[in-house]
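This report concerns only the one structure given below.
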Amino acid sequence: MNRAPLKRSRILHMALNGAPDPSGEAEAGSGEKPFLLRALQIALVVSLYWVTSISMVFLNKYLLDSPSLRLDAPIFVTFYQCLVTTLLCKGLSTLATCCPGAVDFPTLRLDLRVARSVLPLSVVFIGMITFNNLCLKYVGVAFYNVGRSLTTVFNVLLSYVLLKQTTSLYALLTCSIIIGGFWLGVDQEEAEGTLSFVGTVFGVLASLCVSLNAIYTKKVLPAVDGSIWRLTFYNNVNACALFLPLLLLLGEHQALLDFAQLDSAHFWGMMTLGGLFGFAIGYVTGLQIKFTSPLTHNVSGTAKACAQTVLAVLYFEETKSFLWWTSNAMVLGGSSAYTWVRGWEMKSQEDPGPREGEKSTVGV
């Protein structure tokens with residue numbers, strides 16, 4: 001009689017109930033990395049995420065709103081970053097095909113049928129990256145996180161409207177803290193004379209598109225065999241195609257022709273570096289989740305946002321009021337609390353397990 005299925009079933013049962021497997025303890029112990037090595041790896045990955053994300057924001061601010069560049073072409077900047085990402089994806093795919101084992105990357109071949117299937121998500125993706133850059137163009141880096149802080153609120157709202165998923169009272173309370181922090185931040189920006197109404201609207205629209213992107217990504221993933229990199233490739237290919245008529249429609253082609261530094265190697269170097277950061281942020285985000293957990297990733301992102309705000313205030317030599325800092329603390333604190341509440345709720349629902357005949361009341 002084959003006992004292998006029984007053994008696998010027993011191990012799975014113990015894993016789900018948190019019990020150790022005696023037969024696998026020695027094997028697991030021998031393959032487990034030393035604590036210091038794991039801690040060093042996690043520290044390096046988190047640092048890489050922070051450096052990549054913060055550098056990308058400051059570099060995009062330079063490209064979008066630098067007095068030394070004086071380039072008023074946010075759509076072109078976004079288009080070029082999508083083009084760089086597309087070329088990098090195709091290049092890595094070719095390398096993986098030519099040199100198996102050198103790099104782990106899926107094979108990418110442009111299929112128009114798949115591109116059409118991904119197109120609705122690509123429209124949301126275009127809105128997300130465009131509104132993000134437009135928000136950054138019109139608001140300061142210090143206010144950038146508060147300006148786009150309603151993503152969690154839209155997640156809860158859209159999950160109820162589109163997916164009919166409910167949310168717990170504790171999670172709703174954390175959302176109310178985020179909304180309060182957002183309004184206080186807007187009020188303080190206006191009081192200091194630095195509020196950009198247009199930039200704030202773009203920030204709200206960016207938050208909405210981020211939430212829609214997360215929801216529709218799950219629906220579109222089967223069309224690309226569940227591969228995030230294939231989805232990234234098709235999203236950016238579609239974005240490049242759709243951005244071209246937008247460039248002509250908004251007259252940015254004329255702004256490019258009149259741009260004094262169009263033949264500058266420094267300008268194109270910065271543009272390409274911005275595209276590299278845009279590609280890299282997807283990779284390091286996945287890397288951070290792999291080495292830690294989704295919950296830790298969210299906490300790290302919140303801490304990174306705090307550090308980014310402080311760096312922006314110091315770098316641009318800004319002076320902010322106590323209430324302005326309070327608004328940031330409310331937004332970051334509310335976001336952290338929401339992450340903790342959702343993690344706690346999911347864990348508490350997994351541990352006891354639903355009884356037979358009972359309906360699940362899982363929230364968003």
Side-chain angles (χ1 to χ4, degrees), residues 49-85 126-149 151 182 185-186 188-189 192-207 209-210 243 250 252 255-256 259-262 264 266-282 284-285 301-320 324-325 327-328 331-332:
Y49 169 76
W50 279 41
V51 170
T52 303
S53 181
I54 294 175
S55 299
M56 182 178 67
V57 171
F58 277 87
L59 180 56
N60 280 345
K61 182 62 177 178
Y62 168 77
L63 293 170
L64 294 164
D65 191 38
S66 171
S68 60
L69 280 183
R70 296 180 182 177
L71 174 63
D72 187 18
I75 301 299
F76 172 72
V77 172
T78 311
F79 159 78
Y80 187 82
Q81 292 175 346
C82 290
L83 179 62
V84 170
T85 298
I126 288 171
M128 179 180 72
I129 58 177
T130 301
F131 290 136
N132 265 327
N133 278 350
L134 287 173
C135 174
L136 186 57
K137 175 179 174 62
Y138 290 103
V139 306
V141 176
F143 184 67
Y144 182 55
N145 286 309
V146 174
R148 301 180 309 116
S149 61
T151 299
F182 172 79
V186 171
Q188 290 303 299
E189 285 284 308
E192 295 179 6
T194 55
L195 176 67
S196 169
F197 177 76
V198 173
T200 304
V201 170
F202 283 139
V204 173
L205 291 174
S207 300
C209 288
V210 169
F243 272 134
L250 298 175
E252 287 196 5
L256 288 171
F259 181 50
Q261 301 185 47
L262 192 60
S264 167
H266 171 76
F267 167 69
W268 289 109
M270 291 294 101
M271 287 283 287
T272 303
L273 186 59
L276 289 172
F277 277 129
F279 174 84
I281 191 63
V284 297
T285 297
T302 302
K304 186 274 305 180
C306 180
Q308 180 177 293
T309 301
V310 173
L311 284 173
V313 170
L314 295 175
Y315 180 79
F316 294 104
E317 298 180 347
E318 299 172 342
T319 302
K320 300 298 183 181
W324 187 92
W325 287 108
S327 72
N328 278 266
V331 165
L332 297 175

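Everything numeric here is computed off the predicted structure, so don't read it as measured data.
- Applying the ring-ring contact (aromatic ring centres under 6.0 Å, His included) rule to Y144 yields no partners; only residues at least two apart in sequence or on another chain are considered.
- Under the side chain to side chain contact (heavy atoms under 4.5 Å, CB included) rule, L71 has a single partner from L64, L256, L63, which is L256.
- Separation of atoms CZ (F202) and CG (N132) is listed at 12.0 Å; rounding is to 0.5 Å.
- Residues passing the side-chain hydrogen bond (donor to acceptor under 3.5 Å, both in side chains) test with S53 are K304, sequence neighbours excluded.
- For T285, there are no side-chain hydrogen bond (donor to acceptor under 3.5 Å, both in side chains) partners at least two apart in sequence or on another chain.
- T52 meets the side-chain hydrogen bond (donor to acceptor under 3.5 Å, both in side chains) test with no other residue; sequence neighbours excluded.
- Scanning for side chain to side chain contact (heavy atoms under 4.5 Å, CB included) contacts around Y62 gives L59, S66, S68, L69, H266, M270, with sequence neighbours left out.
- With sequence neighbours excluded, no residue forms a ring-ring contact (aromatic ring centres under 6.0 Å, His included) with F243.
- Legend: residues meeting side chain to side chain contact (heavy atoms under 4.5 Å, CB included) with M56, ordered by chain and number and at least two apart, are N60, F277, I281.
- The two residues G127 and C209 have their closest heavy-atom pair at C-SG, 3.8 Å.
- By the ring-ring contact (aromatic ring centres under 6.0 Å, His included) test, F267 pairs with F259, sequence neighbours left out.
- With rounding to the nearest 0.5 angstrom, the OG1 atom of T78 is 6.0 Å from the CD1 atom of I129.
- Q81 contributes no side-chain N or O that, together with a main-chain N or O of G278, makes up a donor-acceptor pair within less than 3.5 Å.
- The line from CG of N328 to CZ of F182 is 12.5 Å long, rounded to the nearest 0.5 Å.
- Qualifying side-chain hydrogen bond (donor to acceptor under 3.5 Å, both in side chains) partners for T319, counting only residues two or more places apart in sequence or in other chains: none.
- In this structure, the separation between OG on S55 and CG on L273 is 8.5 Å, given to the nearest 0.5 Å.
- Taking K61 as the reference, D65 meet the salt bridge (Lys or Arg N to Asp or Glu O under 4.0 Å) condition, with sequence neighbours excluded.
- Taking CZ from F143 and CD from E318, the interatomic distance works out to 12.0 Å, rounded to the nearest 0.5 Å.
- Taking the side chain as every heavy atom from C-beta outward, P74 and E252 approach each other to under 4.5 Å.
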Let me check something: any side-chain donor-acceptor pairs from residues 310-317 under 3.5 Å, sequence neighbours excluded? List them with distances.
none

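- Under the 3.5 Å distance criterion, the side-chain polar atoms of W324 are left unmatched by any main-chain donor or acceptor of V186.
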### Task
Please test Y138 against T200 for side chain to side chain donor-acceptor pair (under 3.5 Å), starting from the C-alpha separation and ending with a verdict.
CA-CA 8 Å; Y138 290 103; T200 304; over 6 Å; no
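- Distance check: L332 CG to N145 CG gives 6.5 Å after rounding to the nearest 0.5 Å.
- Applying the salt bridge (charged side-chain N to carboxylate O under 4.0 Å, His left out) test to every pair with at least one member in residues 128-148, sequence neighbours left out, gives these pairs: D72-K137.
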